[in-house]
Every structure is written in structure tokens, then in C-alpha cells.
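Taking it in order: structure first as C-alpha cells, then the write-up.
Numbers restart at 1 for each chain; the letters A, B, ... are given by sequence-line order, proteins then strands.
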Protein chains: 2
Amino acid sequence: MELNVFEKGAPRQNLAISAYQQLKHDIIRGLYAPEQKLLMSRLKEQYGASTGPLREALSQLVADRLVVAISQRGYRVAPMSLAELNDIYDARAQLEGLILRLAIERGDDDWEAMVLATAHRLAKVTDVSTPDELLDIWDQRHKAFHTAIASGCNSPHLLQMRDTLFNQVERYRHLWLQETVMSPQALELKRQEHAALVEVILARDTAQADSLMRDHLMTPVPIITRVLEARGIR
Amino acid sequence: MELNVFEKGAPRQNLAISAYQQLKHDIIRGLYAPEQKLLMSRLKEQYGASTGPLREALSQLVADRLVVAISQRGYRVAPMSLAELNDIYDARAQLEGLILRLAIERGDDDWEAMVLATAHRLAKVTDVSTPDELLDIWDQRHKAFHTAIASGCNSPHLLQMRDTLFNQVERYRHLWLQETVMSPQALELKRQEHAALVEVILARDTAQADSLMRDHLMTPVPIITRVLEARGIR
DNA sequence: AGAGGAATATATTTATACAGAATTTCAACA
DNA sequence: TGTTGAAATTCTGTATAAATATATTCCTCT
């Protein structure tokens with residue numbers, strides 16, 4: 001009998017797909033510098049795939065705006081800039097605000113329950129052991145919390161756009177996570193922000209929720225700005 | 001000296017790129033039915049490219065959500081449904097509303113000038129000769145008008161999301177354009193809607209503009225619904 | 001005889017290796 | 001210093017081979 005590693009319905013792994021996932025991961029984590037050339041020969045040995053699948057993976061990363069392609073001149077990691085940082089975070093705050101207002105308008109009881117549940121899981125994350133594990137689990141539950149809130153808007157296409165934008169944000173956001181080592185104080189502050197968010201959301205206070213969400217999303221920008229400037233990126 | 005056909009910065013033509021553009025065009029124009037299988041062998045002779053470039057083109061169409069890929073089972077044209085129609089148009093109305101509010105808030109004098117200019121070009125489109133040409137030119141200037149309005153928001157990323165969503169809308173929108181043969185009356189009605197939009201936009205009347213824009217964008221939905229139902233799509 | 005299911009055959013996707021075209025590099029020279 | 005022109009590198013596309021899925025045939029059992 002064959003051993004079936006994959007979930008039912010999940011697409012079986014291609015070289016193109018796995019190369020795409022790994023490359024994306026590595027670019028977001030800053031393994032390759034912005035504007036660095038992505039040499040086929042290097043990628044081939046790095047990801048164990050040949051030109052065909054790799055070009056396919058790179059095409060998708062171009063669509064994600066994490067890579068730029070110049071015909072006959074290969075692929076490069078997309079540049080980073082303060083202008084892009086500001087625009088991405090602004091666009092994200094605007095979009096997330098829109099989605100939140102819709103969610104408050106459209107969300108049902110299941111949605112409220114989901115928001116409460118994910119908020120609770122996030123608040124309880126202080127218990128775990130090592131700092132590395134803490135950061136991983138906190139980030140994962142933090143994403144789940146915000147995704148739960150957004151899901152209330154009930155629009156697959158708006159949520160898809162939110163995802164796409166998040167992919168682009170994540171490269172900048174990673175700089176923030178590296179910088180902020182998640183002190184107990186910072187964690188407690190975030191916990192309070194989230195609690196406040198939950199409260200106004202469940203009270204269906206659109207204006208207040210919108211405002212809190214914006215502030216919550218924009219806080220990393222000054223820190224990331226500092227990091228980028230320190231690296232000579234303007 | 002080399003002859004340079006292309007704009008500065010515009011990517012030079014690849015087989016992958018031209019195959020992508022043609023395929024996208026053909027899918028939007030309904031040349032391939034929803035869920036129709038896209039056979040490599042057929043695509044190869046149709047677009048004069050071999051598997052490599054074609055897979056690359058198809059990858060990008062998957063990112064555009066115009067094509068779906070199933071591992072080891074090839075590519076299919078993305079399905080269409082009433083649910084998707086409604087969600088796409090809703091998401092678009094919401095996003096366009098958001099962008100319009102920001103444009104009214106942020107747009108400068110150049111923006112106002114551009115809105116007026118493109119509105120004028122659109123209003124003057126009745127003069128041209130054949131009906132086919134009329135539809136082409138009207139559609140082109142109509143897009144330019146709405147793009148000019150949106151550009152005021154001053155956010156490349158929001159405009160990029162708008163573009164992406166518009167690609168997905170266009171397959172449905174094409175059904176509407178085919179159905180509405182652009183009678184002089186319909187054209188006159190649209191002209192009035194656009195004039196009203198320009199007026200409230202320049203008056204910076206956010207609420208009114210938002211409301212007019214929503215109505216303007218949502219009008220095709222009932223007609224497209226009828227067409228889809230007539231084709232047995234629900 | 002007809003339905004169900006294994007076994008075979010065909011078709012299709014996926015990956016690789018190679019050939020041709022374009023670009024970049026780098027040294028020689030004005 | 002700047003330019004020119006080969007050599008090397010790299011990108012782009014095709015042909016081919018391997019893996020996988022789909023269709024067909026044929027056999028068995030009720």
C-alpha cells in the first residue's frame with residue numbers, strides 16, 4: 001500500500017510549488033537582500049529543481065510582488081524602500097479598516113464566538129516555555145485572531161486581497177519582529193490593545209473599532225523605519 | 001543603432017509574456033468556457049509556445065484567479081458562479097468606495113484636472129463612426145475616467161489591488177457589454193451618471209460620491225445574473 | 001447477459017538536458 | 001579615461017524522457 005502523506009484535497013507537492021513556498025519563505029525572512037540577483041544556477045542547487053519549475057515558482061513570486069523580472073536579465077528580489085513601507089502599511093490599515101467595518105455590520109453569532117475564542121487563545125500564550133517558541137506561537141495566534149475578525153466581512157475576494165497584501169507586508173513586518181524581542185511589558189501592552197479591540201467590536205462600535213485597529217496596525221512603522229534607515233535604505 | 005520599440009522600463013516581449021496576455025484576453029472574452037480543460041498540446045499550437053513558457057503564463061493566470069491548477073491534472077479555466085459574481089461586484093464596490101473617499105480626501109489640483117479631462121473625453125465619444133469602434137473607444141475612455149478618479153488616493157498598493165480585482169471582474173463584465181448593445185439612450189444615461197459623479201467629486205461631497213459610485217458600479221449585476229442563469233450557471 | 005473490477009493501453013503532465021540568443025564581464029587598446 | 005570586442009556567463013525555448021492520470025479492454029462473478 002502507498003503511504004499517503006498529504007491531506008485529502010490538498011494539492012500534491014510539485015517541485016514548482018515547493019520551490020515557490022521555500023523561496024517565498026526565504027525572501028520574507030530576509031535570506032536574500034532586496035534587489036539581489038536570483039541566479040538560476042544557484043537556485044537550482046539550493047532548491048533541487050531545474051529551470052522549468054524554478055521559472056514557474058519565480059513567476060508566482062513576481063505576481064506576489066516579492067520578486068521582479070526583467071526579460072533576458074533574470075530575476076531579482078523586489079526592492080524595499082521607506083516609500084513602499086509607508087504605502088503598504090497605509091493601504092493595509094485602510095483595507096483592514098474597511099473589512100472591519102463590514103465585519104461589524106455583517107458578522108453573526110458564530111463570528112463573535114470565533115473572535116472571542118481566538119482572542120482568548122492569544123491572551124493565554126504567555127504560559128509557554130522558551131522565548132523562540134513563544135514568539136512563534138504568539139505570532140501564529142495573533143494572525144489567527146486578526147483573521148477571525150476579518151472573516152466576518154464574509155467576502156472571499158476582500159479576504160483574498162487582504163492575504164495578498166499581507167504577503168507583501170510580511171517582509172517588512174519581519175524586521176519589526178526581529179527588533180522587538182517581545183518583552184513581557186510589550187506583550188502585556190498588546191494584550192490590552194487586543195482586549196480593547198474585542199470589547200468595541202462586540203459592542204459593534206464601528207468608529208471606535210476602526211480607530212483602534214488603525215493605531216494597532218500602524219505602531220510598527222516607526223520602528224521599521226529606523227531599521228531600514230540603519231541599513232541605508234531610504 | 002538598435003531600434004527600440006518598447007517604452008523605457010516596459011518588459012521586452014517573451015513567449016511567456018505574450019502567451020499570458022493572449023490567453024488572459026481570450027479567457028476574459030469567453031473564448032474558453034468556465035471549467036474547460038486547457039490542454040498543453042492545444043495551447044502549444046494555438047499560441048506557438050512550448051511547455052516551459054506556457055506553464056509560466058498559466059502560473060500567472062492562476063495568480064490572477066482566471067485559471068485553476070490541479071497538480072498532475074493540468075489547468076482549467078476558473079469556474080464562474082452567481083456567488084462569485086455577487087462577491088466580486090460587492091468587493092469591488094467596497095474597494096472603489098474606499099479609494100474614492102481617500103481620493104476626495106487626498107486628491108490635489110492635478111487630480112481634479114485629470115478627472116475633468118477624462119470625463120470630457122468620455123462624454124465626447126458619441127461622435128465616432130461604427131458601432132464596434134464606438135464600443136471599443138467608449139470602454140477604453142470609461143476605464144481611463146474611473147482610473148483617473150481612483151488615482152487620487154495616491155496609494156500604489158491600493159491601485160494595484162483595484163487592478164487585480166478588475167481583471168477578475170472583467171470576465172463577468174464582458175457578458176454585460178455583450179448584452180447591452182450601447183443604445184443612444186443607455187449612453188446618455190451613463191453620461192448623466194458620470195456628470196453627476198464629477199460634480200459631487202469636485203464638490204468633495206464624500207458621502208454623496210460614495211453612494212453614486214456604488215450605484216454606478218452595481219447596475220450591471222442584475223443583467224449579468226440573467227445571462228448567467230440563461231446559460232445554466234447558478 | 002450484465003455489472004463490477006483488475007489489467008493494459010493511451011494521453012497528459014512534469015522534469016530534465018541541451019541548443020540557441022542575449023547580456024555581462026573583462027582585458028586590450030586608443 | 002573611455003571604448004571596443006571577444007569570452008564567459010546567463011537567460012530562453014525546445015525536445016525528450018519519466019511519472020502520473022485517464023480511458024479502454026477484457027475477464028470474472030452473480
Side-chain angles (χ1 to χ4, degrees), chain A residues 1-24 27 32-33 35-63 66-79, chain B residues 1-24 27 32-33 35-63 66-79:
Chain A
M1 198 213 278
E2 289 286 327
L3 113 110
N4 187 4
V5 194
F6 306 102
E7 294 295 312
K8 179 185 133 198
R12 190 125 91 280
Q13 212 76 336
N14 268 358
L15 277 186
I17 294 174
S18 68
Y20 165 74
Q21 291 168 339
Q22 289 181 63
L23 245 169
K24 180 167 148 187
I27 290 172
Y32 303 98
E35 310 196 49
Q36 180 178 336
K37 191 154 202 316
L38 295 169
L39 226 42
M40 269 311 176
S41 50
R42 193 170 181 297
L43 297 177
K44 266 155 92 167
E45 60 180 41
Q46 183 75 29
Y47 301 100
S50 69
T51 52
L54 275 179
R55 286 183 68 82
E56 210 175 320
L58 288 163
S59 287
Q60 292 193 242
L61 288 166
V62 169
L66 288 171
V67 165
V68 293
I70 305 169
S71 193
Q72 319 280 44
R73 251 171 274 183
Y75 297 88
R76 288 174 175 278
V77 176
Chain B
M1 198 215 277
E2 290 284 328
L3 117 107
N4 188 3
V5 195
F6 306 101
E7 295 294 315
K8 178 185 131 198
R12 192 133 88 278
Q13 212 74 339
N14 267 359
L15 275 187
I17 294 173
S18 69
Y20 165 74
Q21 290 168 340
Q22 288 182 63
L23 244 169
K24 180 166 146 185
I27 290 173
Y32 303 98
E35 309 197 49
Q36 181 179 332
K37 191 154 203 308
L38 295 169
L39 227 41
M40 268 314 175
S41 50
R42 192 170 181 296
L43 296 177
K44 266 156 91 168
E45 60 179 41
Q46 182 76 27
Y47 300 99
S50 69
T51 51
L54 275 179
R55 286 183 69 83
E56 214 173 313
L58 287 163
S59 287
Q60 291 195 240
L61 288 166
V62 169
L66 288 171
V67 165
V68 291
I70 305 168
S71 194
Q72 319 284 31
R73 250 172 277 183
Y75 296 89
R76 290 173 174 279
V77 176

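To the nearest 0.5 angstrom, A:L54 atom CG is 5.5 Å from A:M40 atom CE. Note that the CG atom of B:L39 and the CZ atom of B:R76 stand 10.0 Å from one another [nearest 0.5 Å]. Here CG of B:L43 is found 9.5 Å from NZ of B:K37. Values are rounded to the nearest 0.5 Å.
Scanning all heavy atoms of the two residues, the minimum distance from A:P53 to A:L15 falls at CB-CB, 4.0 Å.
Protein atom OH of B:Y47 is 17 Å distant from nucleotide atom P of D:dG13, rounded to whole Å. A straight line from CG of B:L43 to C1' of D:dT14 spans 16 Å, rounded to a whole angstrom. Protein atom CG of B:L15 is 12 Å distant from nucleotide atom P of D:dA15, rounded to whole Å. Between B:L54 atom CG and C:dT14 atom C1' the separation is 14 Å, expressed in whole Å. Between the C1' atom of C:dT16 and the CD atom of A:E45 lies a distance of 17 Å, rounded to the nearest Å.
Of the two residues contacting DNA chain D, namely B:E56 and B:K44, the nearest-nucleotide position lying further toward the 5' end is that of B:E56.
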Report, one pair per line, the protein and nucleotides 11-13 of chain C atoms (nitrogen or oxygen only) whose separation is under 3.5 Å.
{"residue": "C:dT13", "atom": "OP1", "partner": "B:K37", "partner atom": "NZ", "Å": "2.8"}
{"residue": "C:dT13", "atom": "OP2", "partner": "B:M40", "partner atom": "N", "Å": "3.4"}

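A 4.5 Å side-chain heavy-atom check between B:R55 and B:Y75 finds at least one atom pair inside the cut-off.
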Pair A:Y20, A:N14 - check side chain to side chain contact (heavy atoms under 4.5 Å, CB included), show working. CA-CA 10 Å; A:Y20 165 74; A:N14 268 358; over 6 Å; no

